[in-house]
Amino acid sequence: TMEKSYISLFLLLVALSCALAKDVGKKDTKETAAKPKLPQTLSRGWGDQLIWTQTYEEALFRARHSNKPIMIIHHLEDCPHSQALKKVFAEHKDIQKLAEKFILLNLVYETTDKNLSPDGQYVPRILFIDPSLTVRADITGRYSNRLYAYEPSDISLLYSNMQKALKLLKTEL
């Protein structure tokens, strides 16, 4: 009857608005962790809401055209150090926010560009490249034997290095 269809329409609207409100609401609830996100192909868990490039070549192209620096993360899926850094990186709200100002690339393989392994092909290592396509070999972590390595405990150093990569940009270009 008429009344029944009104009730079902009302329930449909309630269900719909709840579903919509859920998407708008807090991003960091446990509930969203369980819900499948966009395919994680390019982020590989480093920040699913960030825009990641697929290849080094694409990153270089986008850096040149957007005037943004590149942040390249070399890592391996089965490396416990990479996994630990990834977890801290992905959960660090300030880093995730700042990362939006970069062309982002995370790689589980090495490129042929020797400039991306100035002191070896270890993982995890993070390098910055400015829009003039110069590798910022001067932006380093705290380890003298692996200049571009970061541990989870170095996350604030990584954050300040990201700020440094952006600051240099303003002064040099």
Side-chain angles (χ1 to χ4, degrees), residues 27-28 33 37-173:
K27 285 274 191 288
D28 52 9
K37 297 196 187 78
L38 296 165
Q40 256 198 30
T41 46
L42 295 178
S43 90
R44 297 189 180 91
W46 288 87
D48 297 337
Q49 78 293 352
L50 295 167
I51 298 165
W52 296 85
T53 51
Q54 196 156 7
T55 63
Y56 182 46
E57 292 67 32
E58 183 194 343
L60 292 173
F61 178 84
R62 285 176 51 179
R64 200 182 299 118
H65 291 275
S66 67
N67 208 31
K68 287 179 169 181
I70 304 173
M71 179 175 182
I72 298 188
I73 305 170
H74 287 88
H75 64 108
L76 288 171
E77 295 295 346
D78 58 0
C79 160
H81 299 287
S82 296
Q83 291 300 337
L85 184 62
K86 176 197 297 192
K87 183 171 162 36
V88 177
F89 185 94
E91 290 171 2
H92 194 292
K93 288 190 174 45
D94 293 337
I95 277 192
Q96 292 289 309
K97 188 91 201 101
L98 198 58
E100 294 172 7
K101 298 185 160 81
F102 288 84
I103 302 296
L104 298 166
L105 178 65
N106 70 76
L107 294 175
V108 287
Y109 54 87
E110 292 293 339
T111 65
T112 52
D113 188 343
K114 292 285 166 274
N115 296 316
L116 293 184
S117 48
D119 64 345
Q121 296 189 341
Y122 50 85
V123 294
R125 74 177 189 280
I126 300 179
L127 286 138
F128 298 95
I129 301 175
D130 67 30
S132 74
L133 306 189
T134 308
V135 174
R136 298 307 309 242
D138 57 325
I139 302 181
T140 58
R142 71 168 88 231
Y143 306 101
S144 54
N145 59 335
R146 304 188 312 281
L147 292 175
Y148 309 99
Y150 295 87
E151 301 274 324
S153 58
D154 304 328
I155 201 74
S156 56
L157 174 62
L158 177 57
Y159 181 69
S160 66
N161 278 349
M162 289 168 73
Q163 289 174 312
K164 194 187 285 182
L166 289 165
K167 228 177 245 123
L168 292 166
L169 193 66
K170 290 187 185 68
T171 55
E172 288 173 11
L173 295 173

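Throughout, residue positions are numbered sequentially from 1 according to the sequence presented. Keep in mind that this is a model prediction, so the values were computed, not measured.
- W52 approaches G47 most closely through the heavy-atom pair NE1-O, 2.9 Å.
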Practice task
Assess whether side-chain contact (heavy atoms from CB on, under 4.5 Å) is satisfied between Y143 and E151, documenting all intermediate values.
Solution key: CA-CA 10 Å; Y143 306 101; E151 301 274 324; 2.9 Å; yes

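- Side chain of E100 to backbone of I51: no donor-acceptor contact under 3.5 angstrom is found.
- Of the possible donor and acceptor atoms, none in the side chain of Y122 sits under 3.5 Å from a partner among the backbone N and O of S117.
- Taking each heavy atom of P69 and P131 in turn, the nearest pair found is N-CG, 4.0 Å.
- For the atom pair CG (L98) and CG (L50), the distance works out to 10.5 Å, reported to the nearest 0.5 Å.
- For T134 (side chain) and D130 (main-chain N/O), no donor-acceptor pair under 3.5 Å exists by modelled atom type.
- Here the CG atom belonging to L107 is positioned 8.5 Å from the OG1 atom belonging to T55, to the nearest 0.5 angstrom.
- Other residues, nucleotides and ligands contribute over 12 non-hydrogen atoms within 6.0 Å of the CG atom of L76.
- Q83 places none of its side-chain heavy atoms less than 4.5 Å from the side chain of P80.
- Here the closest heavy-atom approach between residue L133 and residue A63 is recorded as CD2-CB, 4.3 Å.
- Under a 3.5 Å cut-off, the side chain of W46 and the backbone N or O of L105 do not form any donor-acceptor pair.
- Going from atom OG of S153 over to atom CZ of R142 covers 6.0 Å, rounded to the nearest 0.5 Å.
- Atom CD1 in I126 sits 12.0 Å away from atom CD1 in I139 (nearest 0.5 Å).
- The aromatic rings of F102 and F128 sit tilted relative to each other, their planes meeting at an angle between 30° and 60°.
- Judged purely by atom type and a 3.5 angstrom limit, R125 uses its side chain to pair as donor or acceptor with the backbone of L116.
- The shortest heavy-atom contact between T53 and L42 is O-CD2, 4.1 Å.
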Exercise for the section: May I have the step-by-step check of side-chain contact (heavy atoms from CB on, under 4.5 Å) for L158 and M71, ending in yes or no? Expected result: CA-CA 11 Å; L158 177 57; M71 179 175 182; 4.1 Å; yes

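- Using modelled atom types and a 3.5 Å distance limit, the side chains of D113 and Y56 yield a donor-acceptor pair.
- To the nearest 0.5 Å, atom OG1 of residue T140 and atom CG of residue L147 are 5.5 Å apart.
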Practice task
Show your reasoning for whether side-chain contact (heavy atoms from CB on, under 4.5 Å) applies to L127 and R136.
Solution key: CA-CA 7 Å; L127 286 138; R136 298 307 309 242; over 6 Å; no

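- The two atoms that bring L104 and A99 nearest to each other are CD1-O, 3.6 Å, heavy atoms only.
- To the nearest 0.5 Å, atom CZ of residue R62 and atom NZ of residue K68 are 7.5 Å apart.
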Practice task
Dump the intermediate steps for side-chain contact (heavy atoms from CB on, under 4.5 Å) on I73 and F89, then the final yes or no.
Solution key: CA-CA 11 Å; I73 305 170; F89 185 94; 4.1 Å; yes

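- For the side-chain hydrogen bond (donor to acceptor under 3.5 Å, both in side chains) with K86, the qualifying choice from H75, H81, E77 is E77, the only one to do so.
- One N or O on the side chain of R44 and one on the backbone of N106 form a donor-acceptor pair closer than 3.5 Å.
- Here the shortest heavy-atom pairing between V88 and P152 reads CG2-CB, 3.6 Å.
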